[in-house]
Amino acid sequence: FKSYVCSTEVDENRVTSIQSYIKNCSAATSKWSGWTGQDGLLSNGQWTDMLKASSAFFLFGSERFLAHLPPNNIPSLNLKACKAMVLADRAQTNQTYLKQSKLDANKSPAFRTLENATETALLFSMAGVRAVVVNQWATTAEANSNLIENLLKMMLLENDTIGHAIQHVKYGKPEPSSNEEQGLDEAAPTEEKVAEKRPPSKQTNSIVFGLPNVIFNPPK
């Protein structure tokens, strides 16, 4: 089955929105299992059991995911059954930032480094996850909610690969150009035109590590 975790510490309204979206895709999500912050805190053992049982895993949470789960435990897990992991984490508010700063004060620099985006993706790849989507920097609950809902739409309803889905979230789906446009010799784009087409940082935050051709609903 596929599973999702939504932390109400981030934004309870956004959690409700994601849950509703998943229910609306019931034809593809009927066997999904979910947990929200309303259900209480997950222990390390519960995190581990959920990850090991997942064929895909979605997280909607605050701060860094591996600040909640010891990173040194990850490589020993057998997560080969997990096709994809989408970590929509690093949503930050004043409250979550202060809480995380206090926790970080008790960690060594080396241990803290393991919670960074690239290191997180590498650890889960070592454990067997085929594709890992991570946020590279702090973001908002709204941006993460939009990320998850757009990925679900493209991967569940349109059968996009995870790589294509991330590209479409960042840059939108390409519009086919007409034959006349293709025959024109356009001048080199100016710096202003390039800047206009450049997506905002919140859209380029997410990056996929591993196999970009993973799909959720392969043809039978």
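The backbone N or O of C25 sits less than 3.5 Å from a side-chain atom of T29, completing a donor-acceptor pair. Between the side chain of N144 and the backbone N or O of D89 there is at least one donor-acceptor pair closer than 3.5 Å. Not one N or O on the side chain of E158 forms a donor-acceptor pair closer than 3.5 Å with the backbone of M155. Panel note: side chain S20, backbone T16; a donor-acceptor pair is recorded below 3.5 Å. Here the side chain of N116 pairs no donor or acceptor atom with the backbone of E119 at under 3.5 angstrom.
Counting all heavy atoms, side chain and backbone alike, E63 lies closest to Y97 at OE2-N, 3.3 Å. Of all the heavy atoms in V169 and M154, the pair that sits closest is CG2-CE, 3.4 Å.
With sequence neighbours left out, R64 forms a side chain to side chain contact (heavy atoms under 4.5 Å, CB included) with A67, R90, Q100, D104, K107, R112, E115. Residues forming a ring pair (Phe, Tyr, Trp, His ring centres under 6.0 Å) with F58 (at least two apart in sequence, or on another chain): W32, F216.
Side-chain contact check for N44 versus P70: some heavy-atom pair is nearer than 4.5 Å. In this structure, the side chains of L157 and L152 stay at 4.5 Å or more apart for every pair of heavy atoms. Within the 4.5 Å cutoff, no side-chain heavy atoms of N78 are placed close to those of K52. Side-chain atoms of F60 and V15, non-hydrogen and from C-beta on, do get closer than 4.5 Å to each other.
Of the residues F65, F57, F209, the one that meets the side-chain contact (heavy atoms from CB on, under 4.5 Å) test with F124 is F65.
In this model, no donor atom of one side chain and acceptor atom of the other lie less than 3.5 Å apart for S33 and S3. The closest side-chain donor-acceptor pair between N135 and S206 falls under 3.5 angstrom. Inspection of the T140 and Q92 side chains reveals no N or O donor paired with an N or O acceptor under 3.5 Å.
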Using the side chain to side chain contact (heavy atoms under 4.5 Å, CB included) rule, take L151 and I148 through it: C-alpha gap first, then chi angles, then the decisive distance, then the call.
-> CA-CA 5 Å; L151 288 180; I148 288 181; 5.9 Å; no
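In this structure, L122 is not a member of the same hydrophobic cluster as M85, with clusters built from ILVMFWY side-chain heavy atoms closer than 4.5 Å.
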